[in-house]
Amino acid sequence: MIDLYAMGSPNVVKIYIALEEMGLPYTAHPVDVFGEAQFSPEFLKLNPNAKVPVIVDPEGPREAVGGQPYTVFESGAILVYLADKTGRFLAKDGAARYDALQWMMVQMTTIGPMFGQYVHFMRFAPKGNDYSLDRYRTQVRRVLEVLETRLAAVPFLGGQSYSIADIATFPWARNIGPLLGKAAEGDFPRLMAWVAGIAARPAVIRALAAVDDVRTKTTQFDQANAEAMDRLFGRGKHNAAA
Ligand SMILES: N[C@@H](CCC(=O)N[C@@H](CS)C(=O)NCC(=O)O)C(=O)O
């Protein structure tokens, strides 16, 4: 049974979806990121970078870790690990494998960070950061246009088959309306149709229900105390640049 260290954020939603799609049994352990739980010594042993998601797989390559259950952090690495473990949603070799990996990397290196910074300046930064807000909103729209163009050529991001590239990107793309405004959805018709198709998959419906459950067990950002938010964002006494 895989242990998943979790909260309700898009990087974790990917892993819920992968586990459900692959039919792998798992136990979710809520990590209260808005309550500083990622900085506990126990959690830092799982991920020294203090971020969810993390999985621990008792059936992983034990020889690498002196017989201990194998730990994987970073959502992209976890998706590749689970795909290779099950032989699903990532071709074993050839162009189809690298097509899926490169589109998954677009999510890891651009969609996630640009959406993340956009949300930060929209929701959490003090007013008066219009340059940053405009920069990240523009980058978000730019990369969504890249996905829209890709989906004009192929049904899925990796090409002809649903893959870990789609699983990585769906949790971000489904938030186009909430983050950019409902009208923005009309600018990305192929992407929104792709979102609707993935949202209708039974495994995705199960995964999103499990995410709703973990949200009830973790502090939500609007309930977090000021010190926890300062530590999370490296502000106030946690500002290492000061
Ligand atoms: N690149 C990482 C990003 C993970 C990440 O940013 N996790 C956030 C929640 S979505 C987190 O745990 N943040 C806690 C912190 O930064 O202290 C991945 O894809 O796994």
Side-chain angles (χ1 to χ4, degrees), residues 2-19 26 28-57 70-83 90 100-125 136 140 143 157 164-175 178-179 207-208 210-212 214-215 217-241:
I2 288 176
D3 290 302
L4 168 64
Y5 292 83
M7 66 182 289
S9 64
N11 285 318
V12 184
V13 174
K14 298 170 194 175
I15 310 307
Y16 274 102
I17 293 175
L19 290 165
Y26 63 96
H29 303 276
V31 179
D32 199 9
V33 161
F34 289 111
E36 303 180 74
Q38 73 276 35
F39 302 117
S40 72
E42 298 75 33
F43 187 77
L44 290 172
K45 277 188 207 147
L46 297 173
N47 183 357
N49 199 26
K51 292 179 197 299
V52 288
V54 177
I55 62 162
V56 179
D57 182 5
Y70 194 65
T71 302
V72 192
F73 54 80
E74 278 295 324
S75 60
I78 297 171
L79 290 176
V80 174
Y81 176 87
L82 294 175
L90 179 64
L101 286 175
Q102 61 191 287
W103 282 97
M104 187 192 77
M105 290 299 175
V106 170
Q107 187 288 308
M108 293 300 298
T109 61
T110 309
I111 298 171
M114 294 301 141
F115 266 82
Q117 294 303 319
Y118 174 57
V119 169
H120 180 84
F121 285 103
M122 186 177 70
R123 193 175 275 163
F124 300 114
Y136 292 115
V140 164
V143 74
L157 292 174
I164 57 172
D166 304 291
I167 293 174
T169 307
F170 167 80
W172 300 89
R174 77 188 184 113
N175 286 325
L179 293 181
L208 295 180
V211 171
D212 284 344
V214 82
R215 283 208 177 101
K217 296 175 178 148
T218 47
T219 305
Q220 297 307 292
F221 74 86
D222 50 359
Q223 301 151 0
N225 71 42
E227 163 58 19
M229 293 302 259
D230 280 355
R231 192 170 180 197
L232 178 62
F233 295 133
R235 306 189 297 212
K237 73 177 193 220
H238 305 281
N239 177 356

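Ligands are counted one by one from 1 in listed order, and the atoms in each one are counted from 1 as well. Sequential numbering from 1 along the given sequence is applied to the chain's residues. Quantities reported herein were computed from a predicted structural model and do not represent experimental measurements.
With sequence neighbours left out, the salt bridge (Lys or Arg N to Asp or Glu O under 4.0 Å) criterion links D3 to no other residue.
Residues T219 and D32 bring a donor and an acceptor atom of their side chains to less than 3.5 Å of each other. A donor-acceptor contact under 3.5 angstrom links the side chains of D57 and Y81, judged on distance only.
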List the atom pairs, donor and acceptor, that lie under 3.5 Å between side-chain atoms in residues 108-122 and the rest of the protein, sequence neighbours left out.
from : atom 1 : to   : atom 2 : distance (Å)
T109 : OG1    : M105 : O      : 2.7
Y118 : OH     : R137 : NH1    : 2.6
Y118 : OH     : L179 : O      : 3.3

N/O pairs closer than 3.5 Å, ligand 1 and protein:
from     : atom 1 : to  : atom 2 : distance (Å)
ligand 1 : 1 (N)  : E74 : OE1    : 2.8
ligand 1 : 1 (N)  : E74 : OE2    : 3.3
ligand 1 : 7 (N)  : V52 : O      : 2.8
ligand 1 : 12 (O) : V52 : N      : 2.9
ligand 1 : 16 (O) : K51 : NZ     : 2.6
ligand 1 : 17 (O) : Q38 : NE2    : 2.9
ligand 1 : 19 (O) : S75 : OG     : 2.6
ligand 1 : 20 (O) : S75 : N      : 2.8

- request: Carefully, step by step, assess Y5 and F73 under the rule ring-ring contact (aromatic ring centres under 6.0 Å, His included).
  value: CA-CA 10 Å; Y5 292 83; F73 54 80; over 10 Å; no
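Sorted by first then second residue, the side chain to side chain donor-acceptor pair (under 3.5 Å) pairs that include residues 229-238, not counting sequence neighbours, are E36-R231, E227-H238, D230-R235.
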